[in-house]
Amino acid sequence: MPTRTEGSAPPGDRVVWADVAKGACIVLVVLWHVVVKDYLRVDWRVGLPVPGAWGLLGEQLLPLRMPLFFAISGIFAANAVARPWRVSGRPRIARNLYLYAIWLLIHTALLALAPGFPTDRATDPGELLAQLTVTPSNLWYLYALALYFVLAKALGRVHPAVLLSAAGALSAVAATGLLDSPGNRGQVYQNLVFFLAGVRLKPSLTRWADGTSTRRLAGTGAAYAIGLAAMGLAGAQNWPGVYLLVSGLAVAFGLTAAARLARHRVAGPALARLGRRTLGVYVIHMPVLALLDRLLAAPVAGLGGPARALLVTVYPVVLTALVLALSLAAHRGLTALGARWLFDLPRRRAHSNPEGETMPRIDVPALPDRTHVEEAARALSGRVVRTPVLHSPAIDRLAGARILLKAENLQDGGSYKMRGAMLAVGRLAAAGHTGVVAQSTGNHAVAVALAARRHGLAATVVLPVDAAPVKVDRARAAGARVVRAGTTVEERLAVARRIADVEGHPLVDAYDHPDVVAGQGSASLELIEEAARRGTPLDALVVPVGGGGGIAGACLAAAGTPIQVYGVEPVGCDSLARSLAAGRPTPVAPAPSLADGLRPGCVGDLPFAVARTAVRGMVRVDDDAIAEAFRLLLLDLKVLVEPSGAAALAGALRLDEVTGPGGSGAGTRRTVGVMLTGGNVEADLVARLAGDRMTAGVAA
């Protein structure tokens with residue numbers, strides 16, 4: 001089934017479970033550092049083996065933490081590896097090397113204030129130069145990511161079996177201690193194979209996580225435990241290949257556990273959110289831990305009695321939670337103060353306008369045409385659902401025409417907005433962007449969030465304060481940061497532009513974007529093709545209108561054919577109708593309407609430019625007509641469509657008001673295509689609209 005509620009989404013979603021895995025790994029990294037750099041250095045003076053147990057636990061997790069982290073990092077980097085150097089070099093190589101250098105200098109300065117804290121630090125310029133080049137410090141993860149990406153891309157033509165065998169051999173030899181490995185160079189050697197596995201085996205790893213089960217979790221957990229026990233009992237940690245084998249079992253267990261945790265109502269979302277914020281924790285947590293070690297060591301050592309016995313048990317957990325919280329707070333604070341350069345490459349140079357205001361360099365897009373829709377359809381093939389075309393004789397009788405309904409309510413994300421979002425976000429990801437920003441009343445935001453998740457990008461979406469809860473929940477479940485702002489498109493757009501400017505991420509406009517228009521048009525193209533395949537080519541195409549991206553795409557898809565395109569707007573939300581009459585985009589003060597997705601206030605400039613000469617006519621429908629169409633779809637076709645999508649059918653049922661009886665095809669039976677654009681609707685609204693029909697029936 002192509003649509004689903006987020007609460008019942010499969011646990012194997014490749015990015016949700018990957019974020020959960022990253023979140024779990026950063027917790028384990030911080031816990032390990034807490035244990036070995038603080039906890040085990042305290043003289044607890046208790047007759048309990050608890051400190052030793054914590055140390056043993058940390059050691060048993062060593063084969064899991066960084067191998068799993070790098071496997072997930074490889075999965076996220078897989079798409080970027082296929083892109084040109086000029087596109088992927090900045091975000092994947094230059095950015096990580098920049099962050100490594102910046103934070104190495106910061107760590108060197110801050111940790112000099114805690115000379116007794118046990119961690120790698122440079123004490124002279126020579127050591128600092130070595131850490132910057134060949135002997136990575138405790139920030140080696142960033143150093144390794146840049147190096148691994150270069151190797152993965154440079155060796156892209158090498159057969160995966162050969163490449164992974166060579167990287168595995170390097171890991172096995174490094175684990176023996178035979179290679180010169182000062183600092184964290186040994187870790188760099190050992191974990192390359194896991195990053196390359198993530199890049200080259202992404203489909204297999206994704207299928208593995210998708211197929212997770214309790215039995216698989218128990219099996220991989222047992223295999224990992226047995227491998228650890230056997231390695232420990234035999235003292236085989238340094239035997240060639242043994243540690244690599246155990247790490248492989250650990251990664252299999254970690255992927256399975258992450259996929260299972262992603263199902264958990266509390267732990268899954270919490271770890272996924274943390275997994276999307278690992279950079280701040282990773283670079284900040286060591287100075288924070290050093291500070292806490294300096295502040296807490298003496299008071300903790302001075303405790304006695306029951307408090308000491310309790311603290312020796314829970315101290316690593318409490319301190320880990322505190323370090324995580326403080327690191328995240330520091331990251332938020334630094335970002336809020338404008339220090340984003342600490343966490344990302346400085347933005348490329350902007351240019352100034354004549355008044356001296358600084359503006360990002362933006363190319364004005366050319367007006368798309370039918371070839372862009374055809375290209376979009378090819379690009380989206382296999383990446384979005386080819387939704388069914390429905391037909392109902394009862395609806396035909398009511399309309400006096402053959403009605404073919406394109407069920408985009410069954411699309412991924414619950415609406416046809418997924419098409420434009422996938423095309424636009426995919427091209428931005430290919431261009432090297434690491435995040436996107438969007439605003440809408442709901443469906444476009446959900447679609448951008450889902451598309452960003454599929455491409456491994458961060459997403460921030462701005463929704464109105466009165467947005468439908470189902471759309472807010474879906475955007476959050478897709479991993480987006482949701483910002484609520486105002487009730488008008490102007491208010492949302494102002495906030496979205498400000499966020500895009502601060503974060504340096506492009507804004508994916510819901511209407512004024514050529515890729516969005518072309519992507520939405522692919523739905524109309526599919527409907528046109530399907531109608532022709534059935535031997536009933538379309539005479540007309542009816543599309544609901546909000547900001548105009550959908551009807552502009554329909555116009556492009558129908559270009560060069562005799563198909564007439566009609567738009568449908570709610571009464572009082574008729575910006576396109578007024579704009580066509582005025583000859584320019586004309587805003588309206590949107591009236592209340594059941595069709596919340598059709599209330600943007602003003603049609604977009606780009607959609608208007610496409611639609612102004614291509615739209616044959618507009619139909620205005622009121623809430624009663626929308627509600628009746630909603631009930632007709634629900635009760636006759638058993639299809640759940642949101643009111644914004646049902647508005648298209650309401651317009652098709654009243655098409656004679658615009659065309660006259662029989663339309664342009666008088667004397668023949670017309671075939672009218674109708675775009676059911678979405679299905680994200682609140683349960684209480686469904687109950688109310690369906691109940692109105694039931695109540696009316698009882699009263700009759």
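Residues satisfying the salt bridge (Lys or Arg N to Asp or Glu O under 4.0 Å) test with Arg533, not counting sequence neighbours, are Glu530. Every residue two or more places apart in sequence or in another chain that forms a side chain to side chain donor-acceptor pair (under 3.5 Å) with His391 is listed here: Asp396. Taking Tyr148 as the reference, Phe70, Phe195 meet the ring-ring contact (aromatic ring centres under 6.0 Å, His included) condition, with sequence neighbours excluded. Partners of Ala21 by side chain to side chain contact (heavy atoms under 4.5 Å, CB included), not counting sequence neighbours, listed by chain and number: Leu68, Ile72, Ala258. Applying the side chain to side chain donor-acceptor pair (under 3.5 Å) criterion to Thr371, with sequence neighbours excluded, gives Asp369. For Thr671, the side chain to side chain contact (heavy atoms under 4.5 Å, CB included) partners at least two apart in sequence or on another chain are Arg402, Leu404, Thr536, Leu538, Asp539. For Arg378, the side chain to side chain contact (heavy atoms under 4.5 Å, CB included) partners are Glu374, Glu375, not counting sequence neighbours. Qualifying side chain to side chain donor-acceptor pair (under 3.5 Å) partners for Thr460, counting only residues two or more places apart in sequence or in other chains: Arg481. In this structure Arg492 satisfies the side chain to side chain contact (heavy atoms under 4.5 Å, CB included) test together with Gln439, Thr441, Val462, Pro464, Val489, sequence neighbours excluded. Residues that satisfy the side chain to side chain donor-acceptor pair (under 3.5 Å) test with Asp344, not counting sequence neighbours, are Arg95.
Side-chain atoms of Leu463 and Ser440, non-hydrogen and from C-beta on, do get closer than 4.5 Å to each other. Between Leu151 and Leu163 the shortest side-chain heavy-atom distance does not fall below 4.5 Å. When side chains are defined from C-beta on, Thr256 counts as touching Trp208, because their heavy atoms get closer than 4.5 Å. Looking only at side-chain heavy atoms (C-beta outward), Leu594 and Leu685 come within less than 4.5 Å of each other. Contact annotation: the side chain of Val516 never approaches that of Tyr511 to less than 4.5 Å [non-hydrogen atoms, C-beta and beyond]. At least one side-chain heavy atom of Leu423 sits under 4.5 Å from a side-chain heavy atom of Leu380. Annotation: side chain of Tyr141 is not in contact with side chain of Asn96 (no heavy-atom distance under 4.5 Å). A 4.5 Å side-chain heavy-atom check between Tyr416 and Asn409 finds every atom pair outside the cut-off.
Contact detail for Thr677 and Pro544: the closest heavy-atom pair is CG2-CG, 3.5 Å. Taking every heavy atom of both residues into account, Ala467 and Val472 meet most closely at CB-CG2, 3.8 Å. In terms of heavy atoms, Gly553 sits closest to Val373 at O-CG2, 4.3 Å. The two residues Thr212 and Arg263 come nearest to each other via the heavy atoms O-NH2, 4.1 Å. Across all their heavy atoms, Arg453 and Ala477 have their closest contact at NH1-O, 3.3 Å. Here the closest non-hydrogen pair linking His372 and Pro368 is ND1-CA, 3.6 Å.
A donor and an acceptor atom, one from each side chain of Ser381 and Arg386, are nowhere located under 3.5 Å apart. For the residue pair Ser522/Arg419, the side-chain donor-acceptor check at 3.5 Å is satisfied.
Separating the CZ atom in Phe194 from the CG atom in Leu164 is a distance of 10.5 Å, to the nearest 0.5 Å. Rounding to the nearest 0.5 Å places CG of Leu390 at 8.5 Å from CG of Leu633. Interatomic distance, CG of Leu255 versus CZ of Arg260, reported as 14.5 Å (0.5 Å rounding). For the atom pair Arg599 CZ and Ser644 OG, the distance stands at 10.0 Å (nearest 0.5 Å). Atom CG of residue Leu271 and atom CZ of residue Arg276 lie 10.5 Å apart, to the nearest 0.5 angstrom. Taken to the nearest 0.5 Å, the CD1 atom of Ile563 stands 4.0 Å off from the CD1 atom of Ile528.
Of the possible donor and acceptor atoms, one in the side chain of His455 sits under 3.5 Å from a partner among the backbone N and O of Ala451. Judged purely by atom type and a 3.5 angstrom limit, Glu408 has no side-chain atom pairing as donor or acceptor with the backbone of Ser415. In this structure, the side chain of Arg454 engages the main chain of Arg383 through a donor-acceptor pair within 3.5 Å. For the pair Lys406 (side chain) and Ser524 (backbone), a donor-acceptor distance under 3.5 Å is absent. In this structure, Asp412 contributes its side chain and Val384 its backbone to no donor-acceptor pair below 3.5 Å. One N or O on the side chain of Lys153 and one on the backbone of Val81 form a donor-acceptor pair closer than 3.5 Å. In this structure, Arg273 contributes its side chain and Gly23 its backbone to no donor-acceptor pair below 3.5 Å. Under a 3.5 Å cut-off, the side chain of Asp512 and the backbone N or O of Asp605 do form a donor-acceptor pair. At least one donor-acceptor pair under 3.5 Å links the side chain of Glu569 to the backbone N or O of Ser575.
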Mind running side-chain contact (heavy atoms from CB on, under 4.5 Å) on Leu155 and Leu196 for me, showing each step along the way?
CA-CA 10 Å; Leu155 301 175; Leu196 294 177; 5.9 Å; no
Please test Leu637 against Ile395 for side-chain contact (heavy atoms from CB on, under 4.5 Å), starting from the C-alpha separation and ending with a verdict.
CA-CA 9 Å; Leu637 279 173; Ile395 293 176; 4.0 Å; yes
Derivation of the side-chain contact (heavy atoms from CB on, under 4.5 Å) call for Lys471 and Asp596
CA-CA 11 Å; Lys471 297 177 181 179; Asp596 65 302; 3.1 Å; yes
How far apart are the C-alpha atoms of Leu142 and Leu279, what are their side-chain angles, what is the distance that settles it, and do they pass the side-chain contact (heavy atoms from CB on, under 4.5 Å) test?
CA-CA 9 Å; Leu142 295 168; Leu279 175 63; 4.0 Å; yes
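Pairs passing the salt bridge (charged side-chain N to carboxylate O under 4.0 Å, His left out) check and including a residue from residues 427-448, sequence neighbours excluded, read Arg427-Asp515.
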Show the atom names and distances, to 0.1 Å, of all donor-acceptor pairs under 3.5 Å that link a side chain in residues 442-450 to residues at least two apart or in another chain.
| unit_1 | atom_1 | unit_2 | atom_2 | d |
| --- | --- | --- | --- | --- |
| Asn443 | OD1 | Asn680 | ND2 | 2.7 |
| Asn443 | ND2 | Glu642 | OE1 | 3.4 |
| Asn443 | ND2 | Glu642 | OE2 | 2.9 |
| His444 | NE2 | Val508 | O | 2.9 |

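Counting heavy-atom neighbours within 6.0 Å of Arg497 CZ, excluding the residue itself, gives a total of 12 or less.
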